[in-house]
Amino acid sequence: MLSLRQSLRFAVPATRAFATSRVVLQSKPAHKTATTLAEVDSNESLIGPGAKEGTVPTDLEQATGLERLELLGKLEGVEFFDTKPLDSSRKGTMADPIVLDSYEDYRYVGCTGSPADSHTIMWLKPTVKQPARCWECGSVYKINPVGVPHSHDH
Ligand SMILES: [Zn+2]
């Protein structure tokens with residue numbers, strides 16, 4: 001017969017395995033990938049979501065940055081790259097922004113600083129209501145709406 005002391009000892013769980021808790025750092029980006037032009041609001045929104053598991057990625061899933069912007073544009077019939085280079089001779093300021101003529105009430109601007117290519121391209125989206133400021137160099141861009149072109153004027 002076991003003594004009281006022995007029973008107590010047996011009741012205590014054996015050596016408790018020490019579980020090393022592994023800290024899993026969430027590297028998942030906090031951005032939302034733009035699926036339409038209207039959703040493009042930063043460089044991060046132009047990072048493709050990648051392929052769904054077990055599938056081959058499509059161009060749209062893989063494309064990032066400039067390429068993605070172009071693809072999104074194509075889906076909506078917008079051409080980006082027929083535009084003249086931006087004025088990079090100076091930095092726009094809030095008081096004296098770089099003014100961009102646009103048929104739309106917004107435009108996508110790829111800023112590389114002043115002089116041109118002094119920083120990696122930053123995609124900005126100035127609208128008629130709100131000028132955009134480059135995160136990298138602080139240059140300010142403003143939209144000057146020039147009305148809608150009429151290609152079917154008969
Ligand atoms: Zn810039």
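In each ligand, atom 1 is the first atom listed, and ligand 1 is the first ligand listed.
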Polar side-chain atom of Arg133 near backbone of Gly138 as donor-acceptor pair, under 3.5 Å:
yes
Heavy-atom donor-acceptor pair, Thr93 side chain to Asp96 backbone, under 3.5 Å:
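Indeed, once roles are kept as given, a pair shorter than 3.5 Å links the two residues.
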Reported NE2-to-OG1 distance for the pair His119 and Thr112, which is rounded to 0.5 angstrom
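So the gap between those two atoms works out to 6.0 Å.
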Restricting to side-chain contact (heavy atoms from CB on, under 4.5 Å), what partner residues turn up for Thr120, sequence neighbours left out?
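For Thr120 there are no side-chain contact (heavy atoms from CB on, under 4.5 Å) partners, ignoring immediate neighbours.
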Could you identify which residues cluster with Val99, counting Ile, Leu, Val, Met, Phe, Trp and Tyr as linked when any side-chain heavy atoms lie under 4.5 Å apart, either directly or through a chain of such contacts?
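Val99 shares its hydrophobic cluster with no other residue.
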What's within reach of the Zn ion (ligand 1), meaning protein N/O/S atoms under 2.8 Å?
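Those protein N, O or S atoms (cut-off: under 2.8 Å from the Zn ion (ligand 1)) are Cys111 SG, His119 NE2, Cys134 SG, Cys137 SG.
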Using the test side-chain hydrogen bond (donor to acceptor under 3.5 Å, both in side chains), find all partners of Asp101 that sit at least two apart in sequence or belong to another chain.
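Checked Asp101 against side-chain hydrogen bond (donor to acceptor under 3.5 Å, both in side chains); matches are Asn144.
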